[in-house]
Amino acid sequence: MVRYHQLVQNEKFVSNYDLKNKKIARNTLFLYFRMIFLMCVSLYTSRVVLEALGVSDYGIYNVVGGFVGMFALISSSLTGACSRFLNYEMGRNTEKRLQIVFSTSLTVHITLAVVIAIACESFGVWYVNNKMVIPLERITAANWVFQISMLNFCMNLVTIPFNAAIIAHEKMSTFAYVSIFEGISRLIICFIVMWTPTDHLITYALLYMLVQVCVMVMYQVYCHKRFQECHYKFVVDKPLVKQMFSYSGWHVIGNSASVLNRQGVDLVLNLFCGTVLNAAKGISNQVMNAVSSFANNFMLAMNPQITKSYAQGDYKYMLDLVFRGSRFSFYLLFFISFPIILNADFIIHIWLKKVPEYAVQLAQLSLISSMIISLSNPLVTAQNATGNVRNYQIVVGGLQLLNLPLCYVSLYYGYSPVSIMVIAIIVELFSLAARLLMIPIYIKVFSAISYLKEVLLKVMVVTLVASVIPVFLYLNLKEGMISFIIVSFCCCVSTGISIIFIGCTKNEREILFNQVIKLLSKIK
C-alpha cells in the first residue's frame with residue numbers, strides 16, 4: 001500500500017512537471033509569434049522612418065525619447081517589485097491577497113506617473129532647451145517630441161500592473177494578439193508620415209502616441225474582464241507598500257545602471273558627437289532589440305515559473321529552469337546573432353539607404369553584449385525571487401553604474417565612439433562573475449561551480465566549435481550576395497550541429513528529436 005501511494009505521488013510529481021514545461025513551451029510559442037512579427041515590422045519601419053525623418057531628426061527622436069526614458073530609473077524598480085509580488089502570491093495561491101497587491105501597485109504607479117510628469121516639466125524641459133546638442137531650427141520639434149514622449153512614458157507606467165498580471169497568469173497569447181495590432185499600426189504610421197505635408201518628426205511622435213493609447217486601453221480592458229484581482233479598489237496596504245519600497249529601493253541601484261547604460265550613454269554621445277551618432281546608436285539598438293527579443297521572450301515565459309517554484313520551495317525545479325534558461329537563451333541569441341555579426345556591413349547597407357557612421361560596428365558589439373546579458377537574466381530572476389536584494393544590488397548594481405562614467409571618460413579623451421560598447425561588454429562580464437559569487441549566499445542549493453560546468457563551459461565550447469568554418473569562409477570570400485548566402489548557411493548549420501551535439505544534454509536531444517519526428521509525421 002505504501003509503495004502504491006509512493007508511485008501515485010511520483011506520477012503526480014512527474015505529471016505536474018510535464019504540465020509546467022508544456023505551459024512554458026506553449027507560452028514561448030505565442031511570444032515567438034509575437035516577436036517574429038514585431039521584428040519584421042520593426043526592421044522595416046526603422047528603414048522607412050530613417051528615410052522619412054532623415055538622419056538628424058531620427059537622432060533627435062532617439063536622444064529626446066531616451067532622455068524621458070531616463071526617468072525609468074525611478075519607476076523600473078517598482079515595476080520589478082510589482083511583478084515579483086504578484087508572481088509570489090500566485091505561487092502561494094492566495095487570491096484575496098492578489099487583489100490587494102494589484103490595487104496597491106496601481107495606486108503607487110499612478111502616483112509615480114504624476115511625480116515624473118512634474119519632474120519632466122521642470123528639469124526635463126530645461127535640459128532639452130539648454131543642454132542638448134540640437135540644431136536651432138529643430139528645437140520646436142524636439143520640444144513636441146519631449147512632451148509626447150513624456151505622456152507615452154506615463155501611460156506605459158500606469159499599464160505596468162496590468163502587464164504584470166497578464167505575465168503572472170501566463171496568458172502570453174494576449175501579448176501576441178495585441179502586438180499584431182501594434183505592429184500593423186506602426187507600419188501604417190510610417191506610410192502616413194512619408195505622405196503627410198506636415199512636420200514629419202512631430203507627426204510621427206503624435207501618431208505613435210495614439211497607438212500607445214489604444215494598446216494601453218486593450219490591456220486594461222482585457223485584465224478587467226479576465227482577472228478578478230484587476231478590479232481596482234483604492235487600497236494602500238501600508239505593510240505591503242513598505243515591503244515593495246524596501247524591495248525596490250535597493251533595485252534602484254541596478255535599475256539606475258540599466259537605464260543610464262542606455263539613455264545615459266545616448267546623452268553622452270549627444271554631448272560629444274551630436275545627433276548623427278545618436279542615429280547610429282539608434283540603429284544598433286534596433287538590431288539588438290530585434291535579435292535579443294528571441295531570448296527575452298523565452299525568459300518571459302520562464303520567469304513566472306522560476307519565482308513560483310521558489311515560493312513553493314521547489315528549489316530543484318527552479319535551478320533546473322535557471323541553468324536551462326541561461327544555456328538556451330544564449331543558444332537562441334548566438335544562432336541568430338552569429339551570421340548577422342559576420343555579415344553586418346552587407347546586411348545594414350542593404351537594409352538602410354542611409355547608413356550612419358559607426359552604425360555597423362556598434363550593432364556588432366551590441367549583439368555580443370546581448371549574448372552575455374542573456375546568460376545573466378535567469379540568475380537575476382532567481383535572485384529577485386528570494387526578496388533579499390540589498391547586498392546583491394550594492395555589488396552588482398555598483399559595478400554596472402561604472403559603465404556611464406567610463407564611457408564619458410573614453411569619449412572625453414577622444415577615443416572612438418565604438419569604445420562605449422567595448423566598455424559595456426567588459427562591465428557585463430564582471431557583473432556576471434559578481435552574480436555567480438553573490439547568489440549562493442541567498443540560495444544555498446545554487447553552486448557557482450555547477451553553473452560554470454553546465455552553462456558557461458558548454459556555451460564557450462559551442463561558440464568556438466561553431467565559429468571555425470564560418471569565420472574561415474568569411475575571411476576568404478569576397479563580400480557580396482553569394483558570400484552572404486554561403487557564410488549565413490554555414491553559420492546556421494555549424495551552430496545548429498554544435499548546439500544539438502555539444503550544448504544539449506542527452507535528455508534534451510531526445511526531447512528535441514521526438515518533437516521533430518512528431519512534427520514530420522503530422523506534415524505527412
Side-chain angles (χ1 to χ4, degrees), residues 45-46 49-50 52-76 79 109-160 186 189-190 192-193 196 198-216 255-256 258-283 285-286 289 356 404:
T45 53
S46 296
V49 170
L50 181 61
L53 300 183
V55 173
S56 182
D57 274 8
Y58 187 79
I60 291 171
Y61 186 81
N62 276 281
V63 72
V64 173
F67 177 73
V68 175
M70 287 276 288
F71 288 92
L73 65 86
I74 304 171
S75 65
S76 54
T79 300
H109 280 81
I110 291 171
T111 305
L112 192 59
V114 174
V115 172
I116 289 175
I118 294 170
C120 283
E121 290 298 335
S122 53
F123 172 73
V125 171
W126 171 82
Y127 188 89
V128 169
N129 288 279
N130 293 278
K131 293 296 180 181
M132 281 194 177
V133 181
I134 295 172
L136 288 176
E137 67 274 12
R138 301 305 292 153
I139 285 291
T140 300
N143 276 279
W144 271 92
V145 171
F146 178 79
Q147 295 294 331
I148 293 166
S149 298
M150 179 195 67
L151 290 173
N152 282 340
F153 183 85
C154 291
M155 285 189 296
N156 289 334
L157 188 57
V158 174
T159 308
I160 283 167
R186 286 169 58 187
I189 285 174
C190 289
I192 293 175
V193 169
T196 184
T198 58
D199 188 292
H200 286 179
L201 182 57
I202 297 173
T203 304
Y204 178 77
L206 282 170
L207 292 175
Y208 189 77
M209 182 184 71
L210 180 62
V211 173
Q212 292 302 110
V213 170
C214 294
V215 169
M216 178 185 70
N255 290 325
S256 296
S258 178
V259 172
L260 292 173
N261 288 349
R262 281 180 173 263
Q263 281 76 31
V265 170
D266 286 347
L267 293 177
V268 171
L269 269 177
N270 179 258
L271 286 174
F272 287 100
C273 307
T275 55
V276 174
L277 256 295
N278 287 126
K281 185 67 163 48
I283 294 299
N285 288 341
Q286 287 286 338
N289 291 338
L404 183 60

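- Closest approach of Met209 and Met155 over heavy atoms only: CG-CE, 3.9 Å.
- Considering every non-hydrogen atom in both Ile148 and Ala205, the closest pair reads CG2-O, 3.2 Å.
- In this structure, CG in Asn152 is found 10.0 Å from CG in Leu210, a value given to the nearest 0.5 Å.
- Residues Asn156 and Ile160 are not in side-chain contact: their nearest non-hydrogen atoms beyond the backbone lie 4.5 Å or more apart.
- Leu112 pairs in a side chain to side chain contact (heavy atoms under 4.5 Å, CB included) with only one of the listed residues (Ile116, Val114, Ile110), which is Ile116.
- In this structure, Ile118 CD1 and Met150 CE are separated by 10.5 Å, a value rounded to the nearest 0.5 Å.
- Between the CD atom of Gln212 and the OG1 atom of Thr159 there is a distance of 8.5 Å, given to the nearest 0.5 Å.
- The minimum heavy-atom distance linking Cys154 with Ala113 is given by the pair SG-O, 3.5 Å.
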